[in-house]
Amino acid sequence: KPLIACPTSATGYSNRGMVITCTVTDDGKPNNAVTTTWSWINTPSQFAWQDETTASLWLRAKPNGTYKLRLTASDGLLSNTADVTVVLQTPPPLKLQPLGGSITEGYSGYQSYRYRLWTKLIDANAAFDFVGSSQVTNGSTPPQYPNYQGRVFDRDHEGHSGIRAPESAAALPAWMASYSPDVSLIHLGTNDLLNIEDSEQGIKSALDGLTATVRNLRAKNPDVQLYVAQLVPVYGGTAKLAAVSRDIQTLNSRLVAWAAGQNTARSRVRLVDMWTGYDGQLDNWDNIHPRASGEEKIAQRWFDAIISHEF
């Protein structure tokens, strides 16, 4: 009958990915075919796994606790089982990467959505750590970041003014040399549409850059969770900006199919609708960049998206 080699126990973090590595061997009889299936003996309240029919299993589960999994292997005539006890512990602070252009970086004295998201996560008692290679903002007027609940604002981010999606993707490996994000909040594509005259080429640049971004983030962390913004609007005060606004709507629509194609059980790609309810005229101070009201809306959308999935 099939022989199974598995660890008897494994330790991981609640709501973070982990891999249980097992091997199955057989004598090839009766038909040289072995099937493997994982099952829970006692089940956590929430779990996902990549493929329960392979000997090695990726899984993500919560809450904390001790659970038992069973691997069954059958050659069609005889079968064998192995049980693995999984202990899920409280994870370390979530490494959260704000990734994008000047809307992420902050501009001309405005704090960016990052400060408002930071306060919301503190209020929710979430354990998190902003990560990124930059701590600066754009413009000659530095923003003020008041301490909040006795804590100093975490300025780390990966927002780079003027950058197009393919440029950001290409720079990611170097930027991430000293850290590995658990979650990436991605607002990319606006600069592609602003700076590439041909609409279709601008949309293609944004989508190609986002695809490369996903690839490079997963190369750093195969379990990274990806939240991709359907972009905030610009205000069409000129013919050019009106055209860009239409292109943003087209890109946002195409992101639905794009995200479905990029999504995996191990590394989810979730779209976050930043467009709906955002007024480019009222919520942007210069037609493109958010004022305080826009920053609040963006922060709330990111918060609502990640709080139930990641904490």
Side-chain angles (χ1 to χ4, degrees), residues 1-92 94-95 172-173 176 180-184 210-228 256-271 308-310:
K1 64 181 180 180
L3 299 178
I4 302 176
C6 269
T8 57
S9 62
T11 301
Y13 293 121
S14 173
N15 210 26
R16 304 283 174 87
M18 64 182 295
V19 176
I20 300 173
T21 302
C22 300
T23 58
V24 176
T25 57
D26 189 58
D27 60 8
K29 298 177 182 179
N31 57 9
N32 203 34
V34 176
T35 60
T36 54
T37 306
W38 286 91
S39 58
W40 291 98
I41 295 176
N42 62 318
T43 311
S45 61
Q46 295 184 38
F47 72 92
W49 46 30
Q50 190 168 34
D51 187 350
E52 68 273 26
T53 64
T54 58
S56 292
L57 179 72
W58 174 88
L59 66 93
R60 177 182 172 117
K62 66 178 183 180
N64 292 358
T66 300
Y67 306 96
K68 188 168 286 188
L69 282 161
R70 174 166 294 164
L71 176 61
T72 301
S74 173
D75 63 9
L77 184 64
L78 300 172
S79 63
N80 201 0
T81 62
D83 293 347
V84 181
T85 299
V86 177
V87 178
L88 298 178
Q89 301 174 338
T90 300
L94 190 80
K95 295 183 180 66
L172 265 175
M176 296 189 297
S180 178
D182 298 311
V183 170
S184 184
L210 285 168
T211 299
T213 296
V214 170
R215 182 171 61 248
N216 288 339
L217 284 165
R218 286 174 174 165
K220 185 69 175 184
N221 176 9
D223 296 319
V224 67
Q225 302 300 297
L226 306 161
Y227 292 80
V228 179
V256 176
W258 173 86
Q262 297 293 319
N263 189 49
T264 70
R266 184 168 183 173
S267 175
R268 295 288 189 188
V269 177
R270 294 182 170 93
L271 290 185
S308 60
H309 293 296
E310 305 301 334

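Note: hydrogens, waters and symmetry copies are ignored here, and every other heavy atom, side chains too, is used. FYI, the numbering just counts along the sequence from 1. Everything quoted here is computed from the prediction, not taken from an experiment.
Shown here are the side chain to side chain donor-acceptor pair (under 3.5 Å) partners of Glu310, two or more places apart in sequence or in another chain: Arg60, Tyr227. Scanning for side chain to side chain contact (heavy atoms under 4.5 Å, CB included) contacts around Asn31 gives Ala33, with sequence neighbours left out. Every residue meeting the side chain to side chain contact (heavy atoms under 4.5 Å, CB included) condition with Pro222, not counting sequence neighbours, appears here in chain and number order: Arg266. Every side chain to side chain donor-acceptor pair (under 3.5 Å) that Ser184 has, sequence neighbours left out, goes to Gln97. Contacts of Thr25 classified as side chain to side chain donor-acceptor pair (under 3.5 Å), with partners at least two apart in sequence or in another chain: none. Taking Ser267 as the reference, Arg218 meet the side chain to side chain donor-acceptor pair (under 3.5 Å) condition, with sequence neighbours excluded.
Residue pairs satisfying the salt bridge (charged side-chain N to carboxylate O under 4.0 Å, His left out) criterion with at least one member in residues 31-52, sequence neighbours excluded, are absent. Counting only residues at least two apart or on different chains, the salt bridge (charged side-chain N to carboxylate O under 4.0 Å, His left out) pairs with a member in residues 16-40 are Arg16-Asp182. The ring-ring contact (aromatic ring centres under 6.0 Å, His included) analysis of residues 15-44, with sequence neighbours excluded, yields the pairs Trp40-Phe47, Trp40-Trp49. Residue pairs meeting the side chain to side chain donor-acceptor pair (under 3.5 Å) criterion with at least one member in residues 73-90, sequence neighbours excluded, are Asn64-Thr90, Arg70-Asp83. Residues in residues 29-76 take part in no disulfide bond (SG atoms under 2.5 Å apart) pair, two or more places apart or across chains.
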* Test side-chain contact (heavy atoms from CB on, under 4.5 Å) applied to Leu69 and Leu59, step by step -> CA-CA 11 Å; Leu69 282 161; Leu59 66 93; 3.4 Å; yes
* Audit row: Arg270, His309, side-chain contact (heavy atoms from CB on, under 4.5 Å) steps and yes/no -> CA-CA 10 Å; Arg270 294 182 170 93; His309 293 296; 3.4 Å; yes
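Atom CG of Leu226 sits about 6.0 Å away from atom CG of Leu217, to the nearest 0.5 Å. We find the CG-OG1 distance between Leu88 and Thr66 to be 8.0 Å, quoted to the nearest 0.5 Å. Rounding to the nearest 0.5 Å gives a distance of 9.5 Å between CG of Leu71 and CD1 of Ile20. To the nearest 0.5 Å, atom NZ of residue Lys62 and atom CG of residue Asn15 are 4.5 Å apart.
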Side-chain donor-acceptor pairs under 3.5 Å in residues 2-14, sequence neighbours left out?
none

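Between the side chain of Asn216 and the backbone N or O of Pro173 there is no donor-acceptor pair closer than 3.5 Å.
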